2 protein chains.
Amino acid sequence: MKRNLSRETRMALEPRKQPRQERSSKVVDRILDAALILTREQGTKTPTTLAIARRAGLSVGSLYQYFPNKEAILLDLARRWLSSFPEVIARRIKVAPPTNRDEFRQEVRKLFIDTSRIYLENANLMPVIEAISGNADLRPIQDEYDEQIIALYAAWLQHVNPALEDKIASRLGVLMMDVGHACRLVGLKRDRKTYDLIEDDVERMWLALVTPYLDLD
Amino acid sequence: MKRNLSRETRMALEPRKQPRQERSSKVVDRILDAALILTREQGTKTPTTLAIARRAGLSVGSLYQYFPNKEAILLDLARRWLSSFPEVIARRIKVAPPTNRDEFRQEVRKLFIDTSRIYLENANLMPVIEAISGNADLRPIQDEYDEQIIALYAAWLQHVNPALEDKIASRLGVLMMDVGHACRLVGLKRDRKTYDLIEDDVERMWLALVTPYLDLD
DNA sequence: AAAGAATGCGACTAATTATTCGCGTTTGTC
DNA sequence: GACAAACGCGAATAATTAGTCGCATTCTTT
């Protein structure tokens with residue numbers, strides 16, 4: 001278990017080599033698929049390298065042809081998810097800010113729907129997201145993304161109400177993110193109808209959360 | 001690492017022996033204190049038995065005089081926290097149900113304040129709670145408590161509005177718990193003033209969440 | 001088809017860490 | 001103060017797993 005990379009893990013998360021031959025790029029997919037399936041099966045615990053290799057019909061050695069360490073595999077799976085949040089929120093800051101209560105509600109709704117879509121589209125990798133949160137090595141990386149997302153939520157709030165103090169915006173940003181995340185994780189574990197009901201619940205909560213701080217009208 | 005107890009862990013969580021001599025009951029406290037301090041220091045990862053023993057000025061062997069395994073130590077720390085929730089919610093079900101919108105708001109507020117107090121009083125063991133959630137062996141035990149708490153929140157909702165369907169009550173119960181938990185964890189990491197502001201935020205969200213389902217008036 | 005590069009293999013290494021066990025020490029009891 | 005029970009110790013055990021390395025196989029190119 002040569003394991004003091006943990007500190008430098010961040011540097012070491014890039015793929016060790018680009019696949020050159022066609023067979024190997026399929027192998028990368030097999031590895032990622034195996035890791036995803038196992039993470040889903042096992043819930044909390046991240047799968048072992050041996051388990052991933054076996055499931056992918058490979059040997060451990062082959063894993064390390066393409067990934068510098070186990071963490072990199074999980075992170076690769078989560079990468080699309082992690083990066084789509086900033087994109088989506090940033091997009092909703094580019095439009096003209098609302099001028100009355102009704103337009104404001106519309107804006108909340110849009111942000112709300114866009115973020116919800118991210119969850120729905122990535123439903124199958126929620127177990128990976130949860131595993132990452134529970135992993136000491138990966139947690140800091142997720143925290144970085146979270147910081148970014150919170151900052152963007154805060155920016156969105158100030159876009160909607162430029163008079164809003166930084167401190168308040170950032171507090172509300174954290175809560176929007178965490179409430180949304182917690183509720184949607186619950187929702188995705190239920191059937192689609194319940195998910196939709198929970199979405200309505202979250203929307204009401206978001207509105208209740210931010211409305212007092214956005215004295216339009 | 002004799003570690004296939006995991007399955008039978010549940011049986012094995014009781015203290016191995018009651019301390020008979022006075023010196024040893026102090027030792028149990030020292031162990032618990034050490035585990036608490038280390039968990040707080042290390043954040044996510046649960047401390048090793050060796051680290052706990054060292055910090056408590058003991059040897060590993062002595063740990064196992066009083067605890068059947070490492071998990072039992074953390075669980076012992078969390079036990080008061082885990083059990084106070086059911087107590088507190090159950091107490092709020094015993095009073096007469098509200099008859100109008102204003103009394104209802106009062107009831108929400110009371111439940112809200114009572115649960116908030118649990119967080120404030122146990123602020124220093126939040127890292128333990130988080131560590132437990134991230135630990136594959138302990139998670140299931142916390143989940144059991146969570147089930148219980150959700151059921152009680154649901155029962156409270158039906159106490160307030162007896163006409164409320166089971167399914168809705170349980171959905172709202174989950175959300176009350178998760179939203180409260182997520183926000184309060186954030187709050188406890190901030191200063192007291194911010195905690196109070198977040199409490200107001202949560203109260204508004206709770207009200208927004210449940211009000212549509214409680215057609216009093 | 002032969003050379004050389006890329007890929008694949010899996011036994012092995014090594015780090016980590018939970019738990020045990022036999023023995024020495026302290027404490028309580030008479 | 002002597003005896004047994006309780007307590008304390010920590011080296012040894014053993015389970016688990018991440019990551020390596022030299023050799024084997026397959027592919028690409030000419």
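The model shown is predicted, which means the values in this text are computed figures rather than measured ones. In what follows, every chain begins at residue 1, and chains take the letters A, B, ... in the order their sequences are listed.
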Participant: Please list each protein N or O that sits under 3.5 Å from an N or O in nucleotides 9-11 of chain D, with the distance.
Facilitator:
residue, atom, partner, partner atom, Å
D/dC9, OP2, B/S59, N, 3.1
D/dC9, OP2, B/S62, OG, 3.0
D/dG10, N7, B/S59, OG, 3.4

Participant: Output the rounded distance in Å from CD1 (B/I73) to C1' (C/dA18).
Facilitator: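 It is 11 Å, rounded to the nearest whole Å.
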Participant: Write down the distance between CZ (A/R54) and C1' (C/dG8), rounded to a whole number of angstrom.
Facilitator: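 That distance rounds to 16 Å.
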Participant: Using whole Å, what does the distance between atom C1' of nucleotide C/dC21 and atom CG of B/L63 come to?
Facilitator: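 Whole-Å distance recorded here is 16 Å.
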Participant: May I have all residue pairs that pass side-chain hydrogen bond (donor to acceptor under 3.5 Å, both in side chains) and include part of residues 168-182 of chain B, sequence neighbours excluded?
Facilitator: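 The answer is A/D201-B/R171, B/Y119-B/H181, B/R171-B/Y213.
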Participant: Please state whether the phosphate of C/dC9, meaning OP1 or OP2, lies under 4.0 angstrom from any side-chain nitrogen or oxygen of A/Y64.
Facilitator: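 Indeed not, no polar side-chain atom of A/Y64 lies that close.
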Participant: What residue pairs, at least two apart or across chains, pass salt bridge (Lys or Arg N to Asp or Glu O under 4.0 Å) with a residue in residues 35-44 of chain B?
Facilitator: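 Of all non-adjacent pairs touching residues 35-44 of chain B, those that pass salt bridge (Lys or Arg N to Asp or Glu O under 4.0 Å) are B/E41-B/R55.
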Participant: Using the test side chain to side chain donor-acceptor pair (under 3.5 Å), find all partners of B/D196 that sit at least two apart in sequence or belong to another chain.
Facilitator: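 B/R192.
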Participant: How about A/S59 and A/R54: does a side-chain donor come under 3.5 Å of a side-chain acceptor?
Facilitator: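 There is no such pair (donor and acceptor under 3.5 Å, judged by atom type) between the side chains of A/S59 and A/R54.
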Participant: In whole Å, I'd like the distance from the NZ atom of A/K70 to the C1' atom of D/dT16.
Facilitator: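 The answer, rounded to whole Å, is 11 Å.
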Participant: Atom CD of A/E71 to atom P of D/dT17: distance rounded to whole Å?
Facilitator: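 In whole Å, D/dT17 P and A/E71 CD are 14 Å from each other.
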Participant: Between P on D/dG8 and CZ on B/F67, what's the gap in Å once rounded to a whole number?
Facilitator: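 Checked: the CZ to P distance equals 12 Å.
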Participant: May I have the distance from A/L38 (atom CG) to D/dT17 (atom C1'), rounded to whole angstrom?
Facilitator: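 These atoms are roughly 15 Å apart.
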Participant: Compute whether any side-chain donor of one residue and acceptor of the other, for A/Q142 and A/S133, lie under 3.5 angstrom apart.
Facilitator: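 Short answer, yes.
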Participant: Look at A/D143 together with A/R139 and state whether they make a salt bridge at an N to O cut-off of under 4.0 Å.
Facilitator: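 Salt bridge between A/D143 and A/R139, a charged N being under 4.0 Å from a carboxylate O: yes.
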Participant: Between atom CG in A/N135 and atom P in D/dT17, what is the gap in whole Å?
Facilitator: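 It is 13 Å, rounded to the nearest whole Å.
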Participant: B/E107: which residues meet the salt bridge (charged side-chain N to carboxylate O under 4.0 Å, His left out) condition with it, sequence neighbours left out?
Facilitator: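 Salt bridge (charged side-chain N to carboxylate O under 4.0 Å, His left out) list for B/E107, sorted by chain: B/R92, B/K110.
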Participant: Does any residue of residues 44-53 of chain A have a heavy atom under 4.0 Å from DNA chain D, and if so, which ones, in number order?
Facilitator: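 Residues of residues 44-53 of chain A that come under 4.0 Å of DNA chain D are, in numerical order, A/T48, A/T49.
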Participant: Flag the pair A/R117 and A/D114 as a salt bridge only when some basic side-chain nitrogen lies within less than 4.0 angstrom of an acidic carboxylate oxygen.
Facilitator: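 Yes, charged N to carboxylate O under 4.0 Å.
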Participant: Checking the side chain of A/K70 only, and the main-chain atoms of A/P47 only, is there a donor and an acceptor separated by less than 3.5 Å?
Facilitator: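 Yes, A/K70 side chain to A/P47 backbone: donor-acceptor pair under 3.5 Å.
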